[in-house]
2 protein chains.
Amino acid sequence: MKSGLGAGGAQTIQRAVSLLREVSASRGRGARLTALAEAAELPVPTAHRLLAALTREGLLERDAATRGYRLGSLLYEFGLAASPDVDIRRLCASALQRLASETGDCAYVNARSGRDALCLDRREGSFAVQAAPVRIGNRRPLGVGSGALALLAILPSEEVDAVLESNARRYRRHGMSVDRVRVAVEATRARGFAVTTGRIVARFRGVALAVGNGVNGVPVALSVIAADERLDAPRIDRVVALLRREESALRAALTSELFSPAKGTLP
Amino acid sequence: MKSGLGAGGAQTIQRAVSLLREVSASRGRGARLTALAEAAELPVPTAHRLLAALTREGLLERDAATRGYRLGSLLYEFGLAASPDVDIRRLCASALQRLASETGDCAYVNARSGRDALCLDRREGSFAVQAAPVRIGNRRPLGVGSGALALLAILPSEEVDAVLESNARRYRRHGMSVDRVRVAVEATRARGFAVTTGRIVARFRGVALAVGNGVNGVPVALSVIAADERLDAPRIDRVVALLRREESALRAALTSELFSPAKGTLP
DNA sequence: GGATTTCTTCCACATTGTGGAAGTCGTCGT
DNA sequence: ACGACGACTTCCACAATGTGGAAGAAATCC
C-alpha cells in the first residue's frame with residue numbers, strides 16, 4: 001500500500017487517531033462502522049479491527065442500541081490530565097454568557113485543531129431550540145460553519161490552500177465544495193467577520209469573529225448561531241458589534257492572564 | 001514475542017495506550033523515554049518509535065527542556081467530547097469544598113480506572129503546601145495511596161487478587177509490595193476506611209472512604225491528605241466523620257441526579 | 001574532558017496487521 | 001411474517017509494517 005507522507009514508524013497509530021477524530025466529529029448518538037471507514041478512507045475490515053481494539057482499550061465505547069462508536073471514558077480521563085495551563089474555556093466563559101443572554105441565541109467558542117474546527121464551549125440563550133446542536137468537543141472541517149469559517153479565513157493563504165486540499169473529500173460530505181469554501185473565505189476576509197447561509201445546518205445561520213492572534217497560539221473564534229429568520233441584515237450588524245466587544249474584552253483578559261494564570265477547578 | 005492475552009488484532013494500539021497511561025501516571029514535568037519504556041515493559045527503541053508516532057499525532061507533547069513526554073492537546077480536545085453524562089466532578093464539588101475548608105488540608109476524589117486509581121478532582125485547604133501534589137488526571141496503581149487503597153478494598157477478593165498480580169511490578173517502583181498492599185487491604189476492610197502511613201509520599205498521610213456503590217457504576221473514593229504530624233489518631237477520627245457525612249450526602253445527591261441530569265457548562 | 005547514561009538511527013527479519021472474499025446478522029419494506 | 005438488502009463480523013493467505021538488537025549520537029554527569 002502507498003504510505004503517503006514521511007511517517008517513520010506508525011501507520012497503525014495514524015489510522016487509529018484518524019478514526020478517533022472521525023468519531024469525535026460525529027454528532028448525535030455515535031458513529032457507525034461503515035461511515036467511519038469511509039471517512040477515514042480505510043477498508044471496512046481494517047476499520048473494524050482498529051475500532052475493536054480501541055474499544056477494548058477504553059478509548060472508544062459502543063452504544064449497544066445504535067451499534068455506534070462514541071469516545072470512551074479513558075479519553076475523558078486523559079483529558080483531565082491534559083488540561084492546558086491556559087484554560088480557554090474559562091477565559092471565554094463570561095463572554096459566552098453575555099453573548100447568549102443578550103442575543104437570546106446560542107453562543108459558541110471554536111478553536112482550530114489541525115484541519116478541524118473544534119467546539120470548545122457553548123452557551124444557550126433563551127430562544128435556542130436546535131434539533132441537533134453542535135456539542136462541546138465536536139469537530140468539523142475548517143470552513144464548514146461560521147466559527148470554522150472565521151478560523152479558516154485568518155490563516156495565511158498558503159495554509160488555507162493546504163487545508164482546502166486536505167479537506168476536499170470531507171466538504172463533499174457536508175454538501176460543500178472546495179470552491180465554495182474558498183469563495184466564502186474571500187468574502188469573510190473582505191467583510192471582517194464570517195456569516196453562513198442557512199444551508200449548512202438547515203434553517204440556521206451563524207455569525208462569527210476570530211479572536212486577534214488567538215489564545216496562547218491557538219486560533220479561536222466566537223460565534224452566535226440563530227434560526228435564519230431571526231438573523232436579518234440589521235440584526236447581524238448588532239450581533240457583530242457584540243462579538244467585537246467581546247473580542248476586545250478577551251484580548252484584554254489574555255494580557256492580564258499571562259501574569260496570573262489560575263489553574264484547576266473553578267471556585 | 002509472547003502476545004499474552006487474547007488480543008484480536010492490535011498489539012500496537014495496546015502498547016500505545018499502555019504508554020499513554022504511563023505518561024498520565026507521571027507527575028511533575030513529563031515522563032522520560034527510558035522510564036516509560038520500563039514501565040510499559042517495552043524495549044526502548046520500540047517505545048521510542050511509538051512515542052514519536054503519538055507525538056506526531058498530537059496525543060503527546062514533548063517538553064523541549066526536560067525531553068519528557070506530556071499528554072497532548074488532542075487528548076484534552078477528545079476529553080471535551082467524551083465528557084460523561086453524569087459528571088462525577090460536579091457532583092463531588094461541594095463535598096470537596098467542605099472537606100477542604102473544614103480540615104484545612106487537601107481533599108481529593110479518586111475513581112477507579114482499570115488497575116489504576118485516577119485523581120478526578122481536588123481542593124486545597126488553607127494548610128495545604130505539598131511539594132509534588134497529585135494533580136487532576138494523575139494515575140497510580142490501585143492500592144498505592146489512601147484513595148487508591150479505599151477503592152481497592154471494596155472490590156471482591158478475586159478481583160483484588162487480579163489487580164494485585166497485575167500491578168506487582170508497579171508496586172515495586174512505588175516502594176511497595178503485593179504482600180504489603182494485601183495486608184493494607186485487609187486492614188482497610190476491617191477498619192471501614194483507608195489510612196496510609198507517611199511512607200508512600202514522604203511526610204504525608206491520607207484518610208479515605210469509598211462511596212457506596214460508586215457513581216454510575218464507577219467506584220469513587222473521597223480522601224483527605226495532610227502532613228503526617230497533623231494527622232494523629234483523634235484527628236483521623238474527626239476527618240473520618242466528615243468523610244462519612246459527605247459520603248451520605250453524595251449518595252443522596254446521586255439518587256436525585258438520576259431524575260434530573262444536568263449537562264454541559266456550569267452556569 | 002572523558003566516562004556514563006540516555007536518546008536516536010539503522011536494518012535484517014518475521015510477527016503483526018492487512019484487506020478481499022465469504023459468511024452472519026440485523027433491519028428494512030411490503 | 002418473510003424475503004431481500006445492507007451492515008457487520010470472521011476468515012485467512014500474504015506481505016508490509018512493526019520489531020528490537022546493535023551501533024551510533026547527544027546530552028549529562030563527575
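Lettering follows sequence order; numbering is per chain, from 1. In what follows, every heavy atom counts, from backbone to side chain, and hydrogens, waters and symmetry copies are set aside. What you are looking at is a predicted structure, and each value in this text was computed from that prediction instead of being measured.
- In this structure, A:Q14 atom CD and D:dA16 atom C1' are separated by 15 Å, rounded to whole Å.
- The distance between atom CG of A:D63 and atom P of C:dG26, rounded to the nearest whole Å, is 15 Å.
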Inset, instruction - Carefully, step by step, assess A:R135 and A:D121 under the rule salt bridge (Lys or Arg N to Asp or Glu O under 4.0 Å). - result: CA-CA 8 Å; A:R135 294 169 69 131; A:D121 207 351; over 6 Å; no

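- In terms of phosphate contacts, B:Q11 brings no side-chain nitrogen or oxygen within less than 4.0 Å of OP1 or OP2 of D:dT17.
- Across all strands shown, B:T12 has heavy atoms under 4.0 Å from sugar-phosphate atoms exclusively, and none from any base.
- Taking side-chain N and O atoms only, A:R15 has a distance below 4.0 Å to OP1 or OP2 of C:dT18.
- Considering A:R140, A:R32, A:R173 in turn, A:R173 is the only one that fulfils the salt bridge (charged side-chain N to carboxylate O under 4.0 Å, His left out) rule with A:E22.
- Remark on DNA chain C: of its neighbouring residues A:L42 and A:A65, the 5'-side contact belongs to A:L42, judged by nearest-heavy-atom nucleotide.
- OP1 and OP2 of C:dG19 both lie 4.0 Å or more from every side-chain N or O belonging to A:R49.
- Both A:R62 and B:R32 lie close to DNA chain D; mapped to their nearest nucleotides by heavy-atom distance, the more 5′-ward contact belongs to A:R62.
- Between B:L54 atom CG and D:dG18 atom P there is a gap of 12 Å when expressed in whole angstrom units.
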Inset, instruction - Could you walk me through whether A:R115 and A:S166 pass side-chain hydrogen bond (donor to acceptor under 3.5 Å, both in side chains), step by step? - result: CA-CA 8 Å; A:R115 61 180 190 175; A:S166 152; 3.0 Å; yes

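- Axis angle, first five pairs versus last five pairs of the helix from C:dG1-D:dC30 to C:dT30-D:dA1: 60°, rounded to 10°.
- Electrostatic pairing of A:E57 and B:R15 does not count as a salt bridge here, judged by no charged N lying under 4.0 Å from a carboxylate O.
- For the pair B:L51 CG and D:dG20 P, the computed distance is 14 Å after rounding to whole Å.
- If you take NE2 of B:H48 and C1' of C:dT8, they are 5 Å apart, rounded to a whole angstrom.
- At whole-Å resolution of the value, CG in B:L50 and C1' in C:dG17 are 14 Å apart.
- A residue-by-residue look at A:V44 and B:T46 shows that A:V44 has its nearest nucleotide of DNA chain D further toward the 5' end.
- Rounding to whole angstrom units, CD of residue B:E41 and C1' of D:dT19 are separated by 17 Å.
- Nearest nucleotide to the side chain of A:Y69, out of D:dT9, D:dC8, C:dT8: D:dT9.
- Between the A:E61 side chain and the A:S73 main chain, a donor and an acceptor come within less than 3.5 Å of each other.
- If you check every strand for non-hydrogen atoms under 4.0 Å, A:P45 touches a base.
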Inset, instruction - For B:E77 and A:R21, run salt bridge (Lys or Arg N to Asp or Glu O under 4.0 Å): C-alpha distance rounded to whole Å, both residues' side-chain angles, the deciding distance at 0.1 Å, then the answer. - result: CA-CA 10 Å; B:E77 296 169 9; A:R21 272 197 296 259; over 6 Å; no

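- Here the C1' atom of nucleotide C:dT8 and the CG atom of B:L33 are 9 Å apart, to the nearest Å.
- Under 3.5 Å, the side chains of A:R205 and A:T196 contain no donor-acceptor pair of N or O atoms.
- The shortest distance between the side-chain N/O atoms of A:T34 and the OP1/OP2 oxygens of D:dA7 is not below 4.0 Å.
- Judged purely by distance below 3.5 Å, without hydrogens or angles, the side chains of B:R62 and B:T55 never pair a donor atom with an acceptor atom.
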